[in-house]
Amino acid sequence: MTGWSFLIVAAGRGKRFGGPPKQFEELGGLPLWAWSAGTAVKMKVAGVDQVILVAPPGMESFFEKEASTLQKEMEVKVVAGGESRKDSVLLGLRAARGKMAMIHDAARPFASTELCRRLIGKAGEVGSAIPVLPVTDALKVARDGVITASLPREDLLATQTPQAYPVEDIKNVLEEAPGKNHDEAEAWLASGRVPGWIRGDPLNFKITFPEDLEMARRMVRGAEDVKTGLGFDVHPLVPGVPLVLGGIRIPFTLGLSGHSDGDLLCHAVADAILGAAGLPDIGTLFPSSQERFRGIRSLDLLEEVAGLLHRRGYRVLSVDAVVNAQVPRLASMHGPILDSLSRVLFRGGEGSVSLKFKSGEGTGDVGKGEAMRCWAIAGIQRVGTGVGDEPGGGRI
Ligand code: MG
C-alpha cells in the first residue's frame, strides 16, 4: 500500500473570524484542528501513516504538546506554516514521508473517514482526487453593495478538502505556481493538470464565520447530548381495585394497590425519563403524602413528566420496559398499551417504545400472583435550552 501523509493546515490567522485564530476555537471539548487530526489517525487502516500539523509560526511547541496523545497512534510531525496558504502547504509537504498526501483545512472538522476513503480510492484510479459539491443556491453578483446581476450555477462546483495528490507532483506545481491560491486544485488546474473528483459531503462544511461554528456546535451537541435513565417499581396485587397498565384498564379480578391508580408501568417509565434528565423521581414530585394525588391517573402524571422534560429542553427518544407479571395474561394488551404510552411520551413527535411481558415462572411474590414489578429504561435528548421550569414538589 502506498504511504499516505495527512497534512492538516492550521496555520491561518483567521482574519475573517475575528478574535483568535479559528483553528483554536473549541468544539465539543476539542480545538477545531484536533477533529481533523482524529480523523487522520483513524485513516491508519487505509494507508495513512503520518500526520503533519502545519501550525502558526511560533506555536509549534504548543501543537506538539497538544498532539502528544496522538503520537501513541501514529507519527505526528508539527511544522511551522508560512505567510500564505501556499507557503504553509509547501512547508508541510516538505516534511511528508508518504508518496501521496491528503491536504486538509483544519477549519473543516467534519471530514469523515468515509470521504477520505473515497478520495484515496479515486486517487488510486486517476492519480489525484478532490471532493466537490454542486452549488445549490442561486448566485448573484454584487458590486459596491449593490446586486447587479445573476450568475448561472449549472456548471459550478464548490470544492472541499481533503484533496489527494502525489507529493512530488503537487510540490512541483505549488513551487511553480505564481501568486496565491485558494486551494491546491486551483494551482493543479493552472498547471494544465485535471484533478479526479468525488462527490463531497455537505456535513464537511468549512467554518469561516461565527455562525458556522455555532452550527458545528449544535451538530456536536445534538449527537452527544443523549442521556439514559432507569426506573423501577413494584406494587402488590389486591382484590377490589381496577388493574391499570400504561393507562389502559385491564379486566381482571385483582388490581395494583397504591396511592394513585397503581399503574407501575407509568411510574417506572416516568422515573426513567426523570432520571435521565437528572430530575427528582415521581415520589418526590408527586408525594403520596398529598391527598390530591389519591387515585390519580398515572398516565396523566406521565404526561405531566413528559411536559416537564419538554420545558427543560429535552425530548424523549426511546423507552424500553419489562413488566414482570404472572397473572393476568397481558399479551393481548401489548398494542393498546404501546399506543397509550407513545401518545403521552412523544407529544406527536417521533420516538420508540418497547414493552416486554415476563411471567414470574411461579417463583416469589410475582410468581404467586401477589405482586407485579416493572423495569424501564429511557433515552432522552437535549433539543433546546429549555425555559428553566423547576420541578416543584407536587406541582401538577
Ligand atoms: Mg409506584
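All residue numbers in this chain count up from 1 along the given sequence. When a ligand or atom number is given, it counts from 1 through the structure's own listing order.
- Under 3.5 Å, the side chains of Ser298 and Ser260 contain a donor-acceptor pair of N or O atoms.
- Considering Lys171, Arg85, Arg193 as possible partners of Glu184, the one that fulfils the salt bridge (charged side-chain N to carboxylate O under 4.0 Å, His left out) test is Arg85.
- Nearby protein atoms of type N, O or S around the Mg ion (ligand 1) amount to 3 (distance under 2.8 Å).
- With sequence neighbours left out, the side-chain hydrogen bond (donor to acceptor under 3.5 Å, both in side chains) criterion links Arg153 to no other residue.
- Phe6 and His104 have perpendicular rings, their planes meeting at more than 60° on a 0 to 90° scale where under 30° would count as parallel.
- Using bins of under 30°, 30° to 60° and over 60° for the plane-to-plane angle, the ring pair His267/His235 lands in the tilted bin.
- No side-chain donor-acceptor contact under 3.5 Å links Asp49 to the backbone of Met74.
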